[in-house]
Asks: 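Following this message is one structure expressed as structure tokens.
Here is how names work: the chains are called A, B, and so on, in the same order as the sequence lines, proteins then strands, and each is numbered from 1. Everything quoted here is computed from the prediction, not taken from an experiment.
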Amino acid sequence: MARAVTPRRKVINTSLAWLIGLLIFFPILWTILTSFKTEAQAIASPPLFLNFDWTLENYGVVMERSNYARFLWNSILIAGGSTILGLIIAVPAAWSMAFVPSKRTKDILLWMLSTKMLPAVGVLYPIYLLFIKMGLLDSRAGLVIVMMLINLPIIVWMLYTYFREIPVEILEAARMDGASLKEEVLYILTPMAIPGIASTMLLNFILAWNEAFWTLNLTAVNAAPLTAFIASYSSPEGLFFAKLSAASTMAIAPILIMGWFSQKQLVRGLTFGAVK
Amino acid sequence: MTLTKTLRAATAISLIAAGGAYAETITIATVNNGDMIRMQGYTDDFTAKTGHEVEWVTLEENVLRQRVTTDITTKGGQFDIMTIGMYETPIWGANGWLVPLDDLSEEYDVDDILPAMANGLSHDGTLYAAPFYGESSMVMYRTDLMEAAGLEMPDAPTWTFIREAAAAMTDRDADINGICLRGKAGWGEGGAFINTMANSFGARPLDEDWNAQLDSEAWAETLNFYVDMMNESGPTGFATNGFNENLSLFNQGKCGMWIDATVAASFVTNPNDSEVADSVGFALAPDNGLGKRSNWLWAWALAIPSGTAKADAAKEFIEWATSKDYIELVAENEGWANVPPGARTSLYENPNYAEVPFAKMTLDSILSADPNNPTVDPVPYVGIQFAAIPEWAGFWTEVSQEFSAAYAGQQTVEEALEKAQAITNEAMEAAGYR
């Protein structure tokens, strides 16, 4: 029997949720506010919250100094490309692990995840040398491959979890009706797993968008995405916090807007199979 | 008529083609600081003069260091010019990773480069990077607070005077700290500062045989003096303060004195950024009566990696960016206080620049720094706030982390020095120096 939620408890829970939400969002809000301050206001003590002279000067400076559109386009291509490529590889892999498991399936899944336990800097030189040999340095194709490989374990794991929730009997019924393997995956499994695939796509896109080690180390001019754009405004010798905040706001705005519009899908996918 | 038109068209096409073959696009990796960003703004002047286009890759200092080091050690060829410092230049030059700058044009006047800078950017007498700007460190202080305390800052103060003045200027109720110094971990942050301070106290990190010397009396005296003075007169949380944190405090009027990079002088005297711009004085970094001041020497310089195919265009850029003409260009448009300092002798002979309030003290500070003879007792390396060996950045960062933990009160000075001694000896052994 479900426990009754009293109005008082509902108010407390809602307030708590708002408080936690605001706490999580505060650094982003502060960055956005700082982007509208002058450099002197940005370091003022006590800090200025809303009572300052709002200015768009920092955005003007950033737009003048950097080719924002090029960085944005690279981010979209790299995050989008790696997500699509990752799904093309991960869907069949997760299908086979979920519906045709072998004795070693669990070990393979664990092994895949173990690749995430290695610090990225540990393989910087081998990857860098490979990229030189293959002519992939500062190329979007190279970044798409690296981003895909980095996030592939997470994609496979998420899809595997979703697929496990789908009753195998439905797939068996499709097989009995004469569906081929391709039809089974494309027309039966995929539509049923759409929420899971959508949330996996979104999460992978966000991870690839925000990745800042490989994107900084393997790019220079042509393939540099928004992470490199932000890095160009960070300085240990000089107070450029307001400009850095403007660049950060411009870098996170697209992904923030995308996350806002797709939050329903994201939450649905992330909680898929959480309650039985 | 048709023939004439065809000939004209052919001539035009061949001229464009010839121009295209000559004009290059060079990629430059650089740091994000005021002088470098200003230089990017004048790129059109370089393009107009040479026809070469420039692509900039601007990165935060630590990211840049990792990025260019990876590229040059793997011969990645991503950059035609790299912005590097005095630490990397002699090491990379010795390894043959940089193009020697031994054929710069006569108009460039290579002999005009300040000798201290030229020496620090050379290996075996060959220049491998041209200084864009140079810096030392000095005392920046509030003239109004000093006067209110009834004291007068000498041009060449001692650490004893600095500590007394810091205590006199401290007013906790008014949120004024007598002194602000770097404490943040990192070989280029707090690690650089404390090493220069130790130099003036007669300490040295290594002896002539590469044995660690951090268990010496002089090191204990240095660290205890620093910790006691900062606890008496420094800001709260000084263990995590670096250049930017102290600049922010000073500009808000919360520091009586700040000992740091000479390039900060243009920030603290800029009324747009600083609340105390009209009451800042300058003095040499303090000493302790042992003949060595606690100032460092550094330059951000432009170098050409030996793997580039565009060395000629890169050299043209370096000649343009570090020339006397470039200084004139900036002075004309933005005033003499904004020209890149500390690189050329002629700048300090210029009567216009002499009027800049921090010009003389910057030059005196640079001239008083000797990378070949940085300590009271002899050391086996070149460099003041660092030893120009590849291992320094790694192990001195670890050492500075131990020091920062002591500043924060997480361990005693003795414990920090004991660990630092072990870290240093271990690094020297692993690298084969001992």
Asks: Determine the minimum heavy-atom distance between B:Met117 and B:Gly134, stating which atoms define it.
Replies: CE-CA, 3.6 Å
Asks: Look at A:Ser45, A:Ala40, A:Ala228, A:Ala224 and state which one has the largest set of heavy-atom pairs under 4.5 Å with chain B.
Replies: A:Ser45
Asks: Taking B:Leu64, B:Thr27, B:Leu59, B:Asp71 one by one, which has the highest count of heavy-atom pairs under 4.5 Å against chain A?
Replies: B:Asp71
Asks: Applying side chain to side chain contact (heavy atoms under 4.5 Å, CB included) to A:Lys116 and A:Asn151, what does each step give before you reach the verdict?
Replies: CA-CA 9 Å; A:Lys116 298 291 293 175; A:Asn151 293 327; 4.3 Å; yes
Asks: Using non-hydrogen atoms and a 4.5 Å limit, figure out which bit of A:Phe240 sits close to chain B: side chain, backbone, both or neither.
Replies: side chain
Asks: On the ring face of A:Tyr233, is A:Arg65 found with NZ or CZ under 6.0 Å from the centre and within 45° of the axis?
Replies: yes
Asks: Are side-chain N/O atoms of B:Thr74 and A:Tyr125 paired as donor and acceptor at under 3.5 Å?
Replies: no
Asks: Please find the pair of heavy atoms, one from B:Lys254 and one from B:Cys180, that lie closest to each other, and give the distance.
Replies: O-SG, 4.3 Å
Asks: What parts of residues 258-270 of chain B touch chain A if we use heavy atoms and a cut-off under 4.5 Å?
Replies: B:Ala261, B:Val263, B:Phe267
Asks: Decide, yes or no, whether a salt bridge links B:Glu88 with B:Arg65 under the criterion of side-chain N to carboxylate O below 4.0 Å.
Replies: yes
Asks: What residue in A:Leu129, A:Val121, A:Thr219 has the most heavy-atom pairs under 4.5 Å with chain B?
Replies: A:Thr219
Asks: Which bit of B:Leu249 comes within less than 4.5 Å of chain A, counting heavy atoms only: side chain, backbone, both or neither?
Replies: neither
Asks: Tell me the closest heavy-atom pair linking B:Arg142 and B:Cys255, and the distance in Å.
Replies: CG-O, 3.3 Å
Asks: Which atom pair, heavy atoms only, marks the closest approach of B:Met138 to B:Ser365?
Replies: CB-OG, 3.7 Å
Asks: Check each of B:Trp298, B:Trp300, B:Trp296 against B:Glu135 using the side chain to side chain donor-acceptor pair (under 3.5 Å) test, and report the only one that passes.
Replies: B:Trp296
Asks: Name the region of A:Thr38, side chain, backbone, both or neither, that has any atom closer than 4.5 Å to a heavy atom of chain B.
Replies: neither
Asks: Contact part of A:Leu218 toward chain B, heavy-atom cut-off under 4.5 Å: side chain, backbone, both or neither?
Replies: backbone
Asks: Is B:Val63 close to chain A through its backbone or its side chain, or both, or neither, when contacts mean heavy atoms under 4.5 Å?
Replies: side chain
Asks: Tell me, for B:Asn272 versus chain A, whether the close heavy atoms (under 4.5 Å) come from the side chain, the backbone, both or neither.
Replies: backbone
Asks: Checking A:Ala42 against chain B: side chain, backbone, both or neither under 4.5 Å from a heavy atom?
Replies: neither
Asks: Tell me, side chain or backbone of A:Ile43 under 4.5 Å from chain B's heavy atoms, or both, or neither?
Replies: both
Asks: Which one, A:Ile132, A:Asn217, A:Val221, leads in non-hydrogen pairs under 4.5 Å with chain B?
Replies: A:Asn217
Asks: Considering all heavy atoms of both residues, which atom of B:Pro340 and which atom of B:Tyr133 are nearest to each other, and what is their separation?
Replies: CB-CB, 3.8 Å
Asks: Contact part of B:Glu61 toward chain A, heavy-atom cut-off under 4.5 Å: side chain, backbone, both or neither?
Replies: both
Asks: Give, for atom OG1 of B:Thr83 and atom CZ of B:Phe132, the distance between the pair rounded to the nearest 0.5 Å.
Replies: 9.0 Å
Asks: Taking side chain to side chain contact (heavy atoms under 4.5 Å, CB included) as the criterion, tell me which of A:Ile230, A:Asn58, A:Ile32, A:Thr34 meets it with A:Ser245.
Replies: A:Thr34
Asks: Any idea which of B:Val31, B:Asn33, B:Asn62, B:Asp273 has the most non-hydrogen atom pairs under 4.5 angstrom with chain A?
Replies: B:Asn33
Asks: A:Trp30 ring centre to A:Lys37 NZ or CZ under 6.0 Å, with the angle to the axis within 45°?
Replies: yes
Asks: Of the non-hydrogen atoms in B:Ser404 and B:Ala185, which two are nearest, and what is the gap between them?
Replies: OG-N, 3.2 Å
Asks: Counting only non-hydrogen atoms closer than 4.5 Å, does B:Ser248 touch chain A with its backbone (N, CA, C, O), its side chain (CB onward), both, or neither?
Replies: both
Asks: Which of the residues B:Gln252, B:Lys75, B:Glu55 is involved in the greatest number of heavy-atom pairs with chain A at under 4.5 angstrom?
Replies: B:Gln252
Asks: Sort A:Leu239 into side chain, backbone, both or neither according to what part of it lies under 4.5 angstrom from a heavy atom of chain B.
Replies: both
Asks: Among B:Val57, B:Asn244, B:Thr70, B:Leu247, single out the residue with the greatest number of heavy-atom pairs under 4.5 Å to chain A.
Replies: B:Asn244
Asks: Aromatic rings B:Trp56 and B:Phe317: how do their planes relate, parallel, tilted or perpendicular, breaks at 30° and 60°?
Replies: perpendicular
Asks: Is B:Asn251 close to chain A through its backbone or its side chain, or both, or neither, when contacts mean heavy atoms under 4.5 Å?
Replies: side chain
